[in-house]
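What follows is a short report on a single structure.
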Amino acid sequence: MLSARTSCSQVHLGFRLARGQISSTTSIHRCPQLRSPSYCRRSAVGCAAGQTRRLTLTTLLGSTVVAMGFGTSAMAASATSPTVETILQIPNFPETFPFGPEDFQRYDETPDTSFYSQPRFVTHIDDGAIAALTAYYSKVLPPSGTKDAAILDMCSSWVSHYPKGYKLDKISGTGMSEAELQRNPVLTDYTVRDLNKEPKLPYEDNTFDVITNVVSVDYLNRPLEIFQEMHRVLKPGGLALMSFSNRCFPTKAIAVWTQTGDVDHAWIIGSYFHYSVPGGWSAPQAKDISPAGGLFGRGDPMYVAYAHKKA
């Protein structure tokens with residue numbers, strides 16, 4: 001049974017076997033592309049696709065690092081390994097959107113409505129990551145009870161990870177499972193919507209102060225259209241918060257996500273902001289909110305990429 005506890009940056013041997021791309025005798029090798037000390041079930045040949053994608057992003061990100069102008073030896077070391085928080089400081093986005101249709105393909109292209117037909121009343125990140133996200137929300141969301149404030153929890157489920165007792169007159173949710181949305185106590189209204197099939201948010205222009213999205217941006221195969229819609233429904237100055245970790249349903253995550261790592265993911269989300277509504281978003285930023293010990297098998301990391309709708 002597939003679980004969101006699967007690391008996004010590992011493309012499993014079984015997927016490639018099913019596609020007939022490698023033989024059953026392929027050995028498991030140490031993958032040079034993984035940042036974590038784990039094994040990636042890809043053959044040396046099978047890893048080439050990931051290496052090619054890495055090379056493409058490294059070319060872009062490498063230019064960004066050079067542009068940041070690090071000088072000391074310590075900073076030079078940082079320059080060779082940008083972090084989630086530094087990569088969007090000078091992102092060096094190319095003139096045109098760098099990803100093509102193949103980057104948004106998924107191993108499982110069956111209808112998402114089928115995949116999500118059975119509700120999953122589970123959490124997809126561990127308790128430490130949840131606590132870190134909730135603490136972050138407590139700092140950036142409108143205070144509970146704020147008059148006329150409204151939030152959209154996009155790709156929502158049975159829990160939104162907002163602070164305990166958090167309430168506003170309007171907290172809307174969109175998601176794939178009605179059973180899960182019905183169970184979510186923070187939502188004042190919800191809409192069941194497959195955004196990959198119908199990338200249209202069912203709300204009026206300038207409705208929300210904040211949009212939240214929890215570990216789901218990696219499943220969007222039409223992200224520019226969705227980010228255009230996010231921009232439309234946000235109020236001027238509104239904030240879009242896209243949180244992500246390194247866990248996913250690997251058969252449903254887009255190819256460019258499963259073939260890259262956390263730093264790349266921040267850059268990818270930043271590119272969605274940048275290219276969706278040119279000049280319409282503030283410069284995207286990213287923050288590492290991981291709990292202590294939240295990397296390399298000691299807990300789930302937690303990050304947020306965000307931008308404001310320009311007034």
Side-chain angles (χ1 to χ4, degrees), residues 1-22 24 26-54 56-57 99 101-120 122-126 129 155 157 175-177 180 194-196 213-223 242-269 272 294-297 299-303 305:
M1 178 177 176
L2 284 172
S3 167
R5 301 295 307 150
T6 305
S7 174
C8 295
S9 58
Q10 297 185 24
V11 180
H12 294 285
L13 175 63
F15 295 171
R16 302 191 68 81
L17 283 170
R19 285 174 166 168
Q21 293 173 313
I22 55 176
S24 59
T26 302
S27 61
I28 296 175
H29 75 296
R30 181 70 172 175
C31 180
Q33 303 307 319
L34 290 179
R35 289 182 170 84
S36 59
S38 58
Y39 283 85
C40 170
R41 288 174 171 80
R42 291 186 281 185
S43 68
V45 173
C47 196
Q51 290 174 339
T52 300
R53 173 55 56 208
R54 273 255 183 239
T56 301
L57 287 179
F99 305 116
E102 68 280 1
D103 296 307
F104 301 103
Q105 293 177 348
R106 302 168 297 170
Y107 175 78
D108 179 3
E109 291 289 3
T110 59
D112 291 341
T113 50
S114 299
F115 185 82
Y116 294 101
S117 61
Q118 294 296 319
R120 295 175 173 86
V122 297
T123 53
H124 302 299
I125 47 179
D126 65 19
C155 305
S157 65
M176 292 292 298
S177 170
E180 291 183 28
D194 181 353
L195 293 175
N196 284 336
N213 178 268
V214 181
V215 294
S216 297
V217 67
D218 43 321
Y219 304 122
L220 300 178
N221 61 14
R222 298 165 72 175
M242 315 300 289
S243 64
F244 63 101
S245 185
N246 66 355
R247 301 295 171 180
C248 67
F249 294 112
T251 59
K252 281 297 185 180
I254 58 174
V256 71
W257 194 273
T258 59
Q259 294 171 357
T260 53
D262 295 339
V263 175
D264 309 302
H265 296 161
W267 193 91
I268 291 167
I269 298 171
Y272 296 166
L295 288 173
F296 305 135
D300 294 342
M302 200 70 220
Y303 313 103

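For the numbers below, each heavy atom of this structure counts, side chains included, while hydrogens, waters and symmetry mates do not.
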Test item: [X] and [Y] side chains (from C-beta on) under 4.5 Å apart, heavy atoms:
{"X": "Leu195", "Y": "Cys155", "value": "yes"}
{"X": "Arg106", "Y": "Thr258", "value": "no"}
{"X": "Met176", "Y": "Asp194", "value": "yes"}
{"X": "Tyr272", "Y": "Ile268", "value": "yes"}

Search all heavy atoms of [X] against all heavy atoms of [Y] and return the closest pair with its distance.
{"X": "Cys248", "Y": "Pro250", "result": "O-CD, 3.2 Å"}
{"X": "Asp262", "Y": "Ser245", "result": "OD1-O, 4.2 Å"}
{"X": "Asp264", "Y": "Gly261", "result": "OD2-N, 2.9 Å"}

For the side chain of [X] and the backbone of [Y], is there at least one donor-acceptor N/O pair under 3.5 Å apart?
{"X": "Asn246", "Y": "Pro301", "answer": "no"}
{"X": "Tyr219", "Y": "Phe249", "answer": "yes"}
{"X": "Asp126", "Y": "Asp300", "answer": "yes"}
{"X": "Lys252", "Y": "Asp108", "answer": "yes"}

Just to verify, what does Asn221 make a side chain to side chain donor-acceptor pair (under 3.5 Å) with, not counting sequence neighbours?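 None.
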
To the nearest 0.5 Å, what is the distance between CD1 (Ile254) and CZ (Phe104)?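 It is 5.0 Å, given to the nearest 0.5 Å.
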
About how many Å separate CZ of Arg247 and CD1 of Ile125, when rounded to the nearest 0.5 Å?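 Between Ile125 CD1 and Arg247 CZ, I get 11.0 Å after rounding to 0.5 Å.
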
Which residues share a ring-ring contact (aromatic ring centres under 6.0 Å, His included) with Phe244, sequence neighbours left out: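 Phe244 satisfies ring-ring contact (aromatic ring centres under 6.0 Å, His included) with Trp257, Tyr303 only.
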
